[in-house]
Amino acid sequence: MAQQQGFLKPGERSKKAFGVAFEGNNDPYVHNKKQRTQPPTSHQRRPRDADRLPVAKYRRQLLYLVETHATVVVLGETGSGKTTQIPQFLDEAGWTEGGRMVACTQPRRAAAVTVASRVAEEAGCELGEAVGYAVRFESVMQQGMTRIKFLTDGVLLREMMEDPLLARYSVVMVDEAHERSLATDMLLGLLKKVQRRRPDLRLIVASATLQAEELRAFFDPGRDSSVVKTVQPGPGAPVQRTPAIISIEGRTHPVEVHFLQQPCSNYVVASVETAVDIHKADLPGDILVFLTGQQEVEDAVRMLDREAERLSASSGYGSKLLPLPLYAGLTGTAQAVAFSPAPRGYRKCVVATNIAETSLTLEGVVYVVDSCFVKQRAYNPLLGLEALCVAPVSKASATQRAGRAGRVRPGKAFRLCTAQDFAKLPDTTVPEMQRAELQGMVLQLKALGIDNIMRFEWLAPPPAEAMVRALEALAALGVLDQDARLTQDVGLPLASLSLDPSLGKALLTAFRQSVPCSQEMLTIVAMLTAAPHGPWVAPPGVRKALDEAKSRFAVVEGDLVSLLNVWRAWQEHGCSAQWCAKQLLNQHSLRKAEEVRKQLARACARLGLPEPESCDGDMDHLRKGIVAGLFMNAAVFESTDHNPLAPESDPGTHVYRLIRPVGGADATGVRARSGGRDGMGRAAPGATTGALDAGRLRLRIHSGSVLARCRPEWVVFQTVQQSDSGWYEMQGVTAVQPDMLLEVAPHFFQKSR
DNA sequence: GAGCACTGC
């Protein structure tokens, strides 16, 4: 205990060295105040243990509430068993009689698949019989036989296009609603609508955090007199439209949370020191450190490696520290290392990005070190550009991270901020709906028959500017007409392709233009969809080799056309794994691209598009197809900035300027028309002019682009991200001719003068 | 001169 005390209050010892000191926590935040002694998690999966899950006690109450309420909000902590048990309760209680199914949605594919197989095992059936799942590319179920179906929320949205009232389901359980993904929020809004037309449908919204009241209020028809408050579901009690809330405790262990006594100036250094302190205290259990990005993770691992070496040299400690990185850019095998148990005599210290907060679970973690920062996407609807920003986490997010310490036994979490600063953090993360680009979402809602998107009932309404921006962009693409309805020629076909609208437009155009290049565009679009940041692996220390590998496939037309070479070379080498490794290509990305490509080709055939054709090296027509989708992201070279302090050999920074509707003449020869217009030359709904001076925005080509060292006069790009240095950097760049812009998007551009 | 995390019949 003395040792522990010393560890909890290391201030005297480590304050000087690292400026990191923690407050002992007199009133520790405990995740589950009811401490439980239960068998380890691996036993939970065994069928007979299901009865011992916390949710088992609530079975009768839960079934009663589902019977009598249209919507039940289930507040359930990690380990409560809600995901695996509730669908089985419903099945046993007769909710799957008459051929109807119970659906349980998950935000992630992996979760849908693994939960389904666990439930199938518990139910004693083969996966795909009574219990099945559906995720993109993979549906393991049998019509008429499967009663419980786990699916991603994205798949359920797709299903609604064929079956808007979800007639095949008696109950829909939306799990992990607290994550507030774009698809989850869309689904909740749509389900509320469906409920009005299907009073017999039951909704269960499962959430891990304190948003129960918000959810109840959302699904409560309240005083709305147009809604029938009760209906008879056959025999039994009348159905309450006002949602019920039920709370189920979890089966995790308490986690003591500690804060810094003083703010730290460098959380990477502080996290390393904290991990080392934990290790020195020599209590058993793995350490999990949360940082924001790949670079930070690699820096921390390097520092920890040095510390580990020093410590093992000075000896005296029972085990050696084994620092391991974990982030999405690692190859599968490198990720697997972080998951495998530490060898005898070692203690793992996994340094991870946000990937470990929700997506992946590490066994054996007892200590969590939380930088309390996260890197997240932020969208600026006024400029139509996004940035990756390092931002403080929300309290809910920090709670989730801390909870990772309590899965095997009581744990500790060390937050690298003071308790005072922590109190100032937002309670919950801003829903994706309010910080994302919305074109795809709007297209999908339109396809589901939601005409008045502005009046749609949202759990969290998207910013009006983002909505207007999305409507304008869809109008410019020809997806929406002047009444903001889906167009026959573009909108309807695009809605059935699971693609970003701009990529979908490029693909449609590739099929339809005078010299088709649909084979090539299928490949490019599939590659971009499967691996938005490129098919390359990104472990550290291979930067130079990676540049060389990229340049082997690079062409002057730019990044998108270069992807074509990667694909062709991969095919020519028999899709070999060794070849991928040698070229620093991520095999997984290429295989996924292959699946996307097949699926897209099938979808195009269903739409009645012609057989895919190749343009046989006609790069101009290929680029025209690309421009048809990306013309709104056009930029022109302006000037080269020279840093007066840089050596004379320094090429300087090539600065580009966006060509967007801003009005005014332009010396470059082409300018955007003021006011977006639809494909028929009519003013697009909500088109704005001059309000934002995107034309003044200074862009440069991202250094990872194959065109980074070239200086093409005109380009279109796929995305822009703001760098740490404040530059807006274009990614997925294609060099174009100004004539192409005028020819492909005459409604958007005009010759100046 | 450089990559948070997901998803799509």
Side-chain angles (χ1 to χ4, degrees), chain A residues 105-112 134-139 141 151-163 176 179-184 186-187 290-298 326-330 352-360 371 373-378 386-391 393 397 429 432 435-436 440-441 443-444 447 495-500 503-504 529-540 542-544 546-547 550 586 592 595-596 599-600 602-603 606 646 650-651 653-654 700-705 708-709 719 721 723-725 727 729 731:
Chain A
T105 72
Q106 297 291 318
R108 279 170 296 281
R109 300 168 49 92
V135 296
R136 189 180 192 181
F137 307 129
E138 246 183 296
S139 176
M141 57 160 295
L151 27 57
T152 51
D153 34 26
V155 167
L156 192 61
L157 281 174
R158 284 272 150 196
E159 285 189 2
M160 289 184 84
M161 292 196 186
E162 300 298 313
D163 180 14
E176 314 285 359
E179 288 191 25
R180 302 298 300 276
S181 72
L182 207 57
T184 301
M186 279 171 79
L187 202 53
F290 283 100
L291 293 174
T292 72
Q294 177 178 340
Q295 191 61 54
E296 287 177 7
V297 168
E298 291 303 339
L326 179 61
Y327 49 83
L330 287 173
T353 61
N354 216 27
I355 193 170
E357 185 179 315
T358 49
S359 315
L360 301 169
S371 65
F373 282 97
V374 66
K375 199 178 280 192
Q376 61 186 7
R377 196 187 291 278
E386 63 189 10
L388 275 180
C389 303
V390 173
V393 293
S397 207
T429 307
E432 206 183 355
R435 52 187 174 86
M441 188 217 60
L443 171 60
Q444 230 174 337
S496 64
L497 295 176
S498 28
L499 282 176
D500 285 340
L503 292 183
T529 303
H533 298 291
W536 311 94
V537 294
V542 297
R543 191 165 283 184
K544 196 152 174 284
L546 189 59
D547 276 355
K550 274 188 188 173
N586 185 343
K592 193 175 164 203
E595 280 197 283
V596 176
Q599 194 186 50
L600 286 174
R602 275 197 305 269
R606 263 203 312 274
D650 186 283
T653 302
H654 303 313
R700 68 180 182 191
I701 297 178
H702 189 274
S703 53
S705 166
R709 266 168 249 143
T719 59
Q721 272 183 7
S723 72
D724 295 341
S725 48
W727 277 95
E729 299 183 322
Q731 296 174 329

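Chain letters run A, B, ... following the sequence lines, proteins first, then strands; residues in each count from 1.
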What's the [atom1]-[atom2] distance between [X] and [N], to the nearest Å?
X	N	atom1	atom2	value
A/Leu600	B/dG8	CG	P	13 Å
A/Phe373	B/dA5	CZ	C1'	18 Å
A/Met160	B/dT7	CE	P	21 Å
A/Tyr327	B/dC4	OH	C1'	13 Å
A/Lys550	B/dG3	NZ	C1'	9 Å
A/Leu151	B/dC9	CG	C1'	11 Å
A/Arg435	B/dA5	CZ	P	13 Å
A/His654	B/dG1	NE2	P	10 Å

With no hydrogens and no angle check, just 3.5 Å: does a side-chain donor-acceptor pair link A/Thr184 and A/Glu179?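 Distance-only check fails for A/Thr184 and A/Glu179.
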
Between A/Arg136 and A/Ser498: side-chain donor-acceptor atoms closer than 3.5 Å: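 Checked: A/Arg136/A/Ser498 side chains pair up, N/O donor to acceptor below 3.5 Å.
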
With a 4.0 Å cut-off on heavy atoms, is [X] in touch with a base, just the backbone sugar-phosphate, or nothing at all?
X	answer
A/Asp153	nothing
A/Leu499	base
A/Leu546	base
A/Arg158	base
A/Val390	nothing
A/Ala183	nothing
A/Val155	sugar-phosphate
A/Leu388	base

Please name the pair of heavy atoms, one in A/Thr152 and one in A/Ala112, separated by the smallest distance, quoted to 0.1 Å.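 Smallest heavy-atom distance, with atoms named: N-CB, 4.3 Å.
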
Check: [X] side chain, [Y] main-chain N or O, donor-acceptor pair, under 3.5 Å:
X	Y	result
A/Thr353	A/Tyr327	no
A/Glu432	A/Leu182	yes
A/Lys550	A/Gly704	yes
A/Glu296	A/Thr292	yes

[X] side chain: which of [options] is closest?
X	options	value
A/Lys592	B/dA2, B/dG8, B/dT7	B/dT7
A/Glu729	B/dG3, B/dC6, B/dG8	B/dG3
A/Ile355	B/dG1, B/dC6, B/dG8	B/dC6
A/Arg136	B/dC9, B/dA5, B/dT7	B/dC9
A/Gln294	B/dC6, B/dC4, B/dA2	B/dC4
A/His702	B/dC6, B/dG3, B/dG1	B/dG3

Phosphate OP1/OP2 of [N] contacted by [X] side-chain N/O (<4.0 Å):
X	N	value
A/Ser498	B/dT7	no
A/His533	B/dC4	no
A/Gln599	B/dC9	yes
A/Arg109	B/dG8	yes
A/Thr353	B/dA5	yes

More 5' along DNA chain B: A/Val537 or A/Asp500, using each one's nearest nucleotide? A/Val537

Does A/Glu162 make a side-chain donor-acceptor contact with the base of B/dC9, cut-off 3.5 Å?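 Yes.
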
